[in-house]
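Some notes on the structure that comes next.
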There are 2 protein chains.
Amino acid sequence: MGVLEQPAAAAPAPYRRIAAELRARIASGEIRTGEKVPSVRQIAQEWGITASTAGKVLSVLRAEGLVRAVPGVGTVVAAAPGGAPGARTGPPPGRVNGTRPLTRDRIVRTAVALADARGGAALSMRALAAELRVPTMALYRHVPGKDDLVALMADAVFAEAGLSGSAPAGWRGRLEAVARHQWSLYRRHPWLARTVLPAAAAGLMEWAVSPALRQGLEPGAVPRIAATVASYVRGVAVSLTDGPATPDLDPFFTFGLARLLDGVHTYIEQRPAEP
Amino acid sequence: MGVLEQPAAAAPAPYRRIAAELRARIASGEIRTGEKVPSVRQIAQEWGITASTAGKVLSVLRAEGLVRAVPGVGTVVAAAPGGAPGARTGPPPGRVNGTRPLTRDRIVRTAVALADARGGAALSMRALAAELRVPTMALYRHVPGKDDLVALMADAVFAEAGLSGSAPAGWRGRLEAVARHQWSLYRRHPWLARTVLPAAAAGLMEWAVSPALRQGLEPGAVPRIAATVASYVRGVAVSLTDGPATPDLDPFFTFGLARLLDGVHTYIEQRPAEP
DNA sequence: ACCTGAACACCGTTCAAGT
DNA sequence: ACCTGAACACCGTTCAAGT
């Protein structure tokens, strides 16, 4: 376990944990589109849980559209939605004797999936290599070391999805949208909050404030407002991984965000005279 | 290095780092009240720095009142201010053959000093035992394990100093005082932000909001306001240890805190009708 | 009974030995 | 030249062997 690092992330319910593990196997390419995921019976046996819990696991993944039931066959990995690039069916062109080539991108994606599934503390170079079924030292031909890998993971996650939907025109709507977006990233990837954050995290937040410049906001206030909101979101996110006893922080997050935006509103509206 | 943990805390200037190390030696009891700390010449030699930098180290400690210059003798550890309990001169009564007994309290205090001086990532059971000059396994007779030790460290730090000065009567002054107090704790102990926080951290913040109850605030809002402010402080504190390129966050902290308190002010004043 | 050295099962990473 | 197994210098903690 990491120095000064507590048991990462509250222990989730078994069906959630197992669903996350299967999600990781699918994300890493271990189980590919059209291939069968373990059956209810197999899951129950492998993880030592009851069939009804195992059934819950598959229904979670089905609800996400990640797998689908094929009558007479079993549950298989569904095609990636929207035909996103990188979501291919079957082996890629460059493959050699059945194994896909090891790339930096595949390493990073698998590392993210592993940290999501088993917690940040469970991510080790050895465990990652085992997941990818390559020798540990093979990773070092693609990433300089673990710290850099973690930085790449953070980059990848912040780049993974922009804001969904159209961006509001006003600063308040934008700031709230970006804050909620980052909050959802932290919830999906709890290890992220304790990581060194990429510059991208601050950039999007600053963009959100920019409409207020037309209202006469001093330019120097933009990075401060951005940092304030980003810090708040990250602070709640860090608490998210404080331990198993952590309460549901979603209502807390929403409440605090509203207070914070009210305070920014007061600041922008009164446009203080002093520099 | 810890899993998912980046090089803990920005690399500080050499004179700061060395000052922190000496502070740790004093806090752990290795150098006791009245005993000499290393001279400018010795510091310069031991750490391979110039005499002028070494002089800066001692002037930092002198400015803190931790050491004082005794003409004809050298620089010695000053008596602890205010005669606080635990700050004794000379060996405690229970000592045997020159070594002080190992206690949980001494372990925790030395661990805090070590993490402060060398960064959270440098705290290991082995390093701590070496600092205390005891076998590693001796620690396990006083603390169950490292996770528990870290929790005790957080407890100790949050308990170490209450609010200095008298508490303001109004919620805003109190909330600001507690927020600034916790901010100063994080600055003194950067490893704290990434640690699992003790319940005490939330308690003090809730106490701060309580005067607003007399203004008609719904009781359910108190923990939310407290959590919001605490999360904000912790979020800035986590950024504090993001890396060597971290800018001075103090003005950012002050700016954001003012916005946040403005937002809470708006909330409390309008006392919304909906539940 | 108390204490702790050796051992175990892990880390991240270097480096030289393989192909 | 490319790849990687063995080795090094660490971890936290168990456990049996010492006193």
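Chain letters run A, B, ... following the sequence lines, proteins first and then strands; every chain starts at 1. In what follows, every heavy atom counts, from backbone to side chain, and hydrogens, waters and symmetry copies are set aside.
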Compare all side-chain heavy atoms of A:Val236 with those of A:Trp183 and state whether any distance is below 4.5 angstrom. yes

With no hydrogens and no angle check, is any side-chain donor or acceptor of A:His142 less than 3.5 Å from a backbone partner on A:Leu102? yes

Winner on side-chain proximity to B:Pro135, out of C:dG12, C:dA7, C:dT4, is C:dT4

*asked:* Quick check: do A:Leu240 and A:Arg187 have side-chain heavy atoms less than 4.5 Å from each other?
replied: yes

Rounded to whole Å, CG of B:Leu132 lies from P of C:dT4 at a distance of 13 Å

Rounded to whole Å, CG of A:Leu149 lies from P of C:dG12 at a distance of 10 Å

B:Arg126 atom CZ is separated from D:dC11 atom P, nearest whole Å, by 6 Å

Quiz item: Ion pair present between A:Asp242 and B:Arg194, side-chain N to carboxylate O less than 4.0 angstrom?
Solution: no

When rounded to whole Å, the CE to C1' distance for the pair B:Met125 and C:dT4 reads 14 Å

Any protein N or O atoms within reach of nucleotides 16-19 of chain C? Criterion: under 3.5 Å, listing atom names and distances.
none

note: A:Asp147, atom CG; C:dG12, atom C1'; distance rounded to Å ~ 9 Å

Exercise. Within the side chain of B:Arg234, is there an N or O that forms a donor-acceptor pair under 3.5 Å with the backbone of B:Ala193?
Worked result: yes

Atom CG of A:Leu102 and atom C1' of D:dT4 are separated, to the nearest Å, by 13 Å

Winner on side-chain proximity to B:Ala138, out of D:dG12, C:dT4, C:dT13, is C:dT4

From the candidates C:dG12, C:dT4, D:dC3, the one with an atom nearest any side-chain atom of A:Arg141 is D:dC3

Backbone N/O of B:Val238 and side chain of B:Tyr186: donor-acceptor pair under 3.5 Å: no

Exercise for the section: Report yes if the side chains of A:Phe158 and A:Leu204 come closer than 4.5 Å at any heavy-atom pair, otherwise no. Expected result: no

Here the distance between atom P of D:dT13 and atom CG of B:Leu128, to the nearest Å, is 12 Å

message = With a 4.5 Å cut-off on side-chain heavy atoms, are B:Tyr232 and A:Val229 touching?
response = no

Contact check, side chains of A:Val196 and A:Val150, non-hydrogen atoms, under 4.5 Å:
no

Rounded to whole Å, the CE-P distance (A:Met137 to D:dA6) equals 13 Å

Applying the Watson-Crick and G-U criteria (both distances under 3.5 angstrom) with [ ] for crossing and | for other-strand pairs, one obtains for DNA chain C ||.|||||...|||||.||

Q. Does the side chain of B:Tyr140 get closer than 4.0 angstrom to OP1 or OP2 of D:dT13 through an N or O atom?
A. yes

